[in-house]
Amino acid sequence: VRNHEGEFQPVTGNQTGVLLLDYLIGAMKRSGKMPANPVALKTIVTTEMARKVAESNGVKCFDTFTGFKFMAEKKNALEESGEGKVIFSYEESYGYMLGDYVRDKDAVTASMLLTEMAAWYAAQGMTLFDALNSLYEKYGYYAEKTHNLVMPGLDGLAKMAGLMASLRANPYTEIAGTTVTQFKDYKDGSVRDLSTGEKSTDGSVIDCVTGAKSRMELSGSNVLRYELEDGTVILVRPSGTEPKIKVYILTQGADAAAANANLEKYGQWVAALKP
């Protein structure tokens with residue numbers, strides 16, 4: 001999209017999804033087509049801004065593992081149980097699933113919705129760049145970045161396995177000067193409170209305010225999640241197709257500069273991870 005300086009800048013998959021989700025919710029409400037119990041789906045590595053947009057507008061938001069087969073499975077389960085109607089699903093890397101036409105990522109319906117959205121904003125005297133900035137002002141300043149720790153060669157797989165084992169056995173209690181509050185292991189569904197050292201092996205999470213106990217919904221995938229005191233989430237997982245470990249930084253700040261500063265700070269920590 002063209003920015004205010006007249007230069008073109010890319011819109012990430014996370015940002016595109018937030019734009020589409022917010023527009024779709026508004027369009028469905030304006031046309032009276034919003035279903036009962038609407039739901040949005042995202043993956044565990046997709047921006048948390050999507051959850052903020054959804055829940056701020058009365059739409060439930062659920063996480064799935066990466067891959068549209070998991071989103072389609074969750075969509076089927078929610079709709080068969082009557083728990084909710086999925087209106088939109090997306091991941092961080094330019095993949096979008098709209099409605100029921102295709103139960104997989106679909107560029108055709110996504111392109112149609114993007115075109116409609118751009119036309120609607122143009123009618124309001126806004127570009128998509130303006131629209132994105134207005135969403136940040138409304139919902140908060142979120143920023144995301146994915147780092148790839150490439151480990152090629154015959155010993156690459158061993159290095160990857162070794163790093164994951166080390167992170168799992170000895171989770172960081174502090175990252176770049178910020179306290180880690182919870183460490184979650186999606187492999188066995190365990191949650192560790194790093195302030196007390198207490199580990200839940202049944203996947204339960206205790207709300208520190210209410211004391212209510214709830215289960216970690218997802219388990220069975222080789223993914224680690226660090227939740228930090230400032231609201232940042234860092235996820236680590238080996239790629240299923242390439243010799244690399246992917247590290248996702250999902251953060252936010254008081255403004256765009258603060259959010260981007262967090263990306264830089266935590267990015268330096270990620271760079272030091274590679275053996």
Side-chain angles (χ1 to χ4, degrees), residues 11-28 33-114 116-117 135 139 142 144 146 184-187 189 203 214-225 233-242 246-250:
V11 181
T12 68
N14 274 315
Q15 293 169 328
T16 303
V18 165
L19 279 165
L20 288 171
L21 177 60
D22 180 80
Y23 171 73
L24 181 63
I25 291 171
M28 295 181 88
K33 294 181 179 179
M34 181 66 79
N37 302 317
V39 172
L41 301 179
K42 72 179 193 68
T43 75
I44 58 174
V45 298
T46 303
T47 177
E48 284 298 306
M49 189 175 179
R51 190 184 315 282
K52 185 67 177 290
V53 170
E55 294 179 348
S56 296
N57 289 282
V59 177
K60 290 183 179 179
C61 184
F62 292 94
D63 282 351
T64 72
F65 287 132
T66 54
F68 273 80
K69 67 177 183 179
F70 295 111
M71 282 193 250
E73 286 174 358
K74 184 66 175 178
K75 176 180 172 67
N76 289 344
L78 287 168
E79 293 174 359
E80 287 172 2
S81 68
E83 187 176 349
K85 176 67 175 177
V86 177
I87 61 171
F88 189 66
S89 309
Y90 88 100
E91 62 181 8
E92 86 290 350
S93 57
Y94 301 105
Y96 310 96
M97 181 169 71
L98 175 67
D100 301 307
Y101 182 67
V102 175
R103 298 205 175 206
D104 198 349
K105 68 171 72 175
D106 179 37
V108 177
T109 51
S111 298
M112 291 173 67
L113 187 61
L114 274 165
E116 179 185 314
M117 174 175 67
L135 294 189
Y139 298 112
Y142 291 75
E144 303 80 30
T146 303
K184 298 181 178 180
D185 189 343
Y186 285 103
K187 192 170 186 178
S214 60
R215 276 188 68 83
M216 203 174 147
E217 185 180 5
L218 299 173
S219 63
S221 186
N222 189 14
V223 184
L224 303 176
R225 178 186 180 103
V233 173
I234 298 177
L235 297 107
V236 186
R237 74 175 183 93
S239 169
T241 57
E242 300 172 272
K246 306 184 82 169
V247 183
Y248 303 82
I249 301 172
L250 314 178

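Computation of the quantities below employed the complete heavy-atom set of this structure, encompassing side-chain atoms and omitting hydrogens, waters and symmetry-equivalent molecules. Here the structure is a predicted model, which means the values were calculated and not measured.
Here Gln15 contributes atom CD and Tyr94 contributes atom OH; the two are 8.0 Å apart, rounded to the nearest 0.5 Å. Taking OG of Ser219 as the reference point, atom NZ of Lys187 lies at 12.0 Å (rounded to 0.5 Å). Of the inter-residue distances, the one linking Asn14 atom CG with Tyr248 atom OH reads 10.5 Å to the nearest 0.5 angstrom. To the nearest 0.5 angstrom, Lys74 atom NZ is 9.0 Å from Thr64 atom OG1.
Residues Lys246 and Thr146 approach most closely at CE-CG2, 4.1 Å, considering heavy atoms. Contact detail for Ser111 and Ala107: the closest heavy-atom pair is OG-O, 2.7 Å. For the pair Ala40 and Ala54, the tightest heavy-atom approach, listed with the atom from each and the gap, is CB-CB, 4.4 Å. Shortest non-hydrogen contact noted between Leu250 and Thr46 is CD1-O, 3.8 Å. Among all heavy-atom pairs drawn from Ala27 and Glu116, the shortest one is CB-OE2, 4.5 Å.
Within the 4.5 Å cutoff, the side chain of Tyr142 has no heavy atoms near those of the Val18 side chain. Proximity of Ile44 to Val233: side-chain heavy atoms (C-beta onward) are nowhere separated by under 4.5 Å. Looking only at side-chain heavy atoms (C-beta outward), Val86 and Met71 stay at 4.5 Å or farther from each other. The side-chain heavy atoms of Asp106 and Leu98, taken from C-beta on, include no pair separated by under 4.5 Å. Here the side chains of Val102 and Thr109 are not in contact, with every heavy-atom distance at 4.5 Å or above. Looking at heavy atoms from C-beta onward, Glu91 lies in side-chain contact with Phe68 at the 4.5 angstrom threshold. The shortest distance between side-chain heavy atoms of Met28 and Phe88 does not fall below 4.5 Å. Between Leu135 and Val53, every side-chain heavy-atom pair lies at or beyond the 4.5 Å cut-off.
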Would Ile87 and Ile25 count as a side-chain contact (heavy atoms from CB on, under 4.5 Å) if you check the C-alpha gap in whole Å, the side-chain angles of each, and the deciding distance to 0.1 Å?
CA-CA 9 Å; Ile87 61 171; Ile25 291 171; 4.1 Å; yes
Intermediate values then yes/no, side-chain contact (heavy atoms from CB on, under 4.5 Å), Leu21 and Tyr96
CA-CA 10 Å; Leu21 177 60; Tyr96 310 96; over 6 Å; no
Before you tell me yes or no, could you show the steps for Met117 and Leu20 under side-chain contact (heavy atoms from CB on, under 4.5 Å), namely the whole-Å CA-CA distance, both residues' side-chain angles and the distance that decides it to 0.1 Å?
CA-CA 7 Å; Met117 174 175 67; Leu20 288 171; 3.8 Å; yes
side-chain contact (heavy atoms from CB on, under 4.5 Å) evaluation trace for Leu114 with Thr16
CA-CA 9 Å; Leu114 274 165; Thr16 303; 4.0 Å; yes
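Ring orientation note: the planes of Phe65 and Phe70 are nearly perpendicular, at an angle over 60° on the 30°/60° scale.
Residues satisfying the side chain to side chain donor-acceptor pair (under 3.5 Å) criterion with Lys85, sequence neighbours excluded, are Asp100.
Remark: the backbone N or O of Val59 is not paired with any side-chain donor or acceptor of Asn57 at under 3.5 angstrom. One N or O on the side chain of Thr47 and one on the backbone of Met49 form a donor-acceptor pair closer than 3.5 Å.
Note on Lys42 versus Glu92: no salt bridge recorded, every NZ/NE/NH1/NH2 to OD/OE distance being 4.0 Å or above.
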